[in-house]
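Worksheet: one structure, shown below.
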Amino acid sequence: MGKSQKKTGKGRLDKYYKLAKEQGYRARSAFKLIQLNKKYSFLESARCCIDLCAAPGGWLQVASKYMPVNSVIVGVDLVPIKPIPRVVTFASDITTPQCRNLIRGELKDWKADVVLHDGAPNVGTAWIQDAYGQSELVLMSLKLAVEFLAKGGTFVTKVFRSADYNNLIWVFNQLFGKVEATKPPSSRNVSAEIFVVCREFLAPKYIDPKFLDPKHVFKDLSSSVPDGQSGPVVNVQANVFHPEKNRRKREGYADGDYTLFKLVSASDFIKGPDPIAVLGTYNKIAFSTEEEKEWLSLDITTEDVKANCDDLKVLGKGDFKTLIKWRIALREELGLDVKTKDTEEITETVEVVEEQNEEEQIQAELERLNTENAAKAKRDKRRANEKRTRTIQRMQLQMTAPLDIGLEQQDASLGFGQDDIFDLQDTEGVRRRGRLSNQVGFDYTSEEDSDAGSRSEDDFEEEDLDSDEERERRAEELEAEMDGLYDAYQQRLRERDAKFKVKEARKKNAEREEWGGVKGDEDDRDESDSGSEGAYDKLKREDDSSSSSSDESDDDDVASKRKRSIAIEDSSRNSKRARLLTKLDEPKASGSQASKVWFSQDVFAGMNDDLEGIEDDEEAISDVEMDNVDDTHEDEQDGSEDDEDDFEVVPMEEDDAELWDVENENEDEIKQEKIRRLGLVTPEAVTLAQQLVNREKTKTQLINDGFNRYSLNSKDDLPSWFLDDEAKHYKSNIPITKEAVAALRAKQRALDARPIKKIAEAKARKKFKAAQRLEKAMKKAEGVNATSDMSEREKAQQIEKLMNKGMSGAKKRKEVKVVVAKGAHKGIKGRPKGVKGRYTMVDSRMKKEMRAKKRIEKVNKKRKRS
Ligand SMILES: C[S@@+](CC[C@H](N)C(=O)[O-])C[C@H]1O[C@@H](n2cnc3c(N)ncnc32)[C@H](O)[C@@H]1O
């Protein structure tokens, strides 16, 4: 071994040394076992392990860490091992029968799953003796292993690369199913040690003692090389082209050459005729002469090349190739560029190997890509499922509107993944087919289309027909499902809303009343029970004397427009309207016999007008709440006929009448009435009114404003959830001014400042009594004035007194002072000190006594009765 590979000194303190220190391992060799176990995983499943030559205990620590709890771990070494938890150790020579007996005594009938051997003869002797001693020690450890190993067990041993190596491997192969030699990364490259992992112990009933006898095992095997081929040459070439393979006939060291480490000069490698032999035979290529050192500084001599030259025994196929290429390049550089026959052959051989490698690589790459794609598709599918599940859960927890789910379901149920009508990738397919389904905006181009390119046109169309029908059906199903979900969602929202509950209660009351009603009114009941196209619309139609077939044709339009403004509280509002619009004098609308009888009482005479007023009020208020923006326009139009509202109004032109006729005449009247009663209630309306009054807005501008991108959109056949959502956001924002808001606030403040009814009544009562008193006083004064037996002065005094009394108001009640009977007032009799006028004494005792008194009186009464 050269000086640079010296095992002593600071060079030894590498990263594994430091890691061992950090992690508390007793020896850096612990990492060798960790790495071996990482590769072959024999410790995790082992229940019993014997570590031969275990001091100072690094491997034992690893075994203890990786093996299951309660495993049996036995360590043996020449030198004593410091105790390790869960490990039994003793000092003994593994080559002696005494050691065998100790192990037997420890294991009893147990068999070991793993036998480890990291032994090395104690150093100090020559290399040759070391190497042989090591091989002998390995064979001794194998002897113990075959005795104690269970069938299928694992034997891990350290061997040195020497002439005995192949013989050992041959023996291992006779006893184990799998034998692999490996050098863990933590084993230094300069070390000739290698680890052999023998698995699947065959546990033969009879083992020929020669297998375990060093004299037989380490006999010369060179005679077994086939005729016509020199063994070493074959192995040398094989070592280079297939270095990873274990060859049983590896020759090891030549006779008489007992050094484990062989150097060759770079010149021999570069200039010599047989580079393969060099690479297969030597351990290191050395750069010792001046010329060779110069080669080191050349560009072609990369760091890889230098590292490869450092230890040839650890190189792989690629590394050898690099060295051969480097050799060729260097030879050209040196003018030795005439390629020798040998070199060509080598190059060719290398190229063949490379080609094969490339094919294999491509194949492997393809396989890898396929696997990756499959995994990705699986992942995507799983994610989509998870997402859908999450959304459904969210919906169940009422965290989201089913609207979102609908959209997802829509895609998923059509089975087109993320395909969408707006998906640019599919526009090609859409164009090719020449048509695009307009059903609810779904994309009917699918995966099928994408791979349809290879099919005939007829096939394509036939399949399309089927799939279109199928899709149409699915889309309809989906739409129905979405409507159902949306209704359920609305229902939940309403149920959470306190106002809704009140409305529902009212509705129920109304229904209850109707159940006792006249039988002939069944139609009305049906109407009131019907959905959004319910009582309100029908009653309106009945009320409207001018309703005709032409009106009916407009009903759809009206209904769809109304949907926009009254979608959310449609049903509740309808029922309210139905109730409020019921005329008392119309049996048809009154709805029930009971109500007819009830309202026929005298006390309700003349109430019709008032009730109508209230109905209009409610109607107007609900309209103001619901139709803020729409009202704004209409308010202004309605106001044109109203002289009281002094702002200019845009009259409707004949031709435009249809466009503007969104509600029927009755509704207009109601709204006019509402404005008359309540004035303008939204800041938008006030702003517009002010602008019109101040001539800031002209008639033409107002008309133009009516035409915007929101005004003429068709709402036909659109689902209610969509319209509801649109109604929230898809509308023009009418500007409002500070002044308008201030005016409305002032109005509201004035309303708030008005007293409540009870106070107003009390005040009125007070006023009335005062007037009565005054009247009484005046009458008395007149009487006084009429008497003749009083002088004028006396009369005047008397009248003044009476008038003062009449004007002064009600008699003031004399105040009674409440005195609590505690402190200085406790237990006193008579008037308490410092209290003037009427007073009453109170204390808690008195309260209790009063109650007790009442109770006793009650009991006495009962007794008297009995
Ligand atoms: C490299 S150390 C083992 C290190 C151990 N695997 C660890 O991780 O701590 C080699 C050990 O083999 C032991 N040894 C050598 N010959 C032996 C023999 N005949 N019997 C028992 N132990 C032996 C030496 O005492 C030495 O402690």
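Hydrogens, waters and symmetry mates are skipped; everything else that's a heavy atom, side chains included, is used. Atoms within a ligand are numbered from 1 in the order they appear, just like the ligands themselves. What you see is a predicted model; the values in this text were computed from it and never measured. Throughout, numbering of the chain's residues begins at 1 and tracks the sequence.
Across Leu116, Ile94, Leu78, heavy-atom proximity to atom 17 (C) of ligand 1 is greatest for Leu78. Closest to atom 25 (O) of ligand 1 by heavy atom, among Asp51, Leu137, Val79, Asp77, is Asp77. If you check each of Ala27, Ala55, Gly57 against atom 4 (C) of ligand 1, the one with the closest non-hydrogen atom is Ala55.
Using a 4.0 Å cut-off to heavy atoms of Ala54, the atoms of ligand 1 that qualify are 5 (C), 7 (C), 9 (O). For ligand 1, the atoms closer than 4.0 angstrom to any heavy atom of Gly119 are 12 (O). The ligand atoms of ligand 1 that sit less than 4.0 angstrom from a heavy atom of Ser92 are 20 (N), 21 (C). Annotation for ligand 1: atoms under 4.0 Å from non-hydrogen atoms of Gly58 are 7 (C), 8 (O), 9 (O).
The side-chain hydrogen bond (donor to acceptor under 3.5 Å, both in side chains) pairs that include a residue from residues 38-58 are Asn37-Glu44, Lys39-Thr182, Tyr40-Glu180, where partners are two or more places apart or lie in different chains.
Just one residue in the list Phe211, Trp170, Phe201 forms a ring-ring contact (aromatic ring centres under 6.0 Å, His included) with Phe176, and that residue is Phe201.
For Cys99, the closest heavy-atom approach to ligand 1 does not fall below 4.0 Å.
Where the criterion is an N or O separation shorter than 3.5 Å, residue side chain and backbone included, Asp93 meets it with respect to ligand 1.
A heavy-atom distance below 4.5 Å is not found between the side chains of Val196 and Val138.
The closest donor-acceptor contact from the side chain of Lys111 to the backbone of Glu147 lies under 3.5 Å.
The CD1 atom of Ile270 sits 10.0 Å away from the CD1 atom of Ile328 when rounded to the nearest 0.5 Å. Taking CG of Leu137 as the reference point, atom CG of Leu142 lies at 11.5 Å (rounded to 0.5 Å).
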Tabulate below the donor-acceptor pairs under 3.5 Å that side-chain atoms of residues 19-26 make, not counting sequence neighbours, or state none.
{"from": "Tyr25", "atom 1": "OH", "to": "Lys65", "atom 2": "NZ", "distance (Å)": "3.4"}
{"from": "Arg26", "atom 1": "NH1", "to": "Pro56", "atom 2": "O", "distance (Å)": "3.1"}
{"from": "Arg26", "atom 1": "NH1", "to": "Lys82", "atom 2": "O", "distance (Å)": "2.8"}
{"from": "Arg26", "atom 1": "NH2", "to": "Lys82", "atom 2": "O", "distance (Å)": "3.4"}
{"from": "Arg26", "atom 1": "NH2", "to": "Pro83", "atom 2": "O", "distance (Å)": "2.9"}

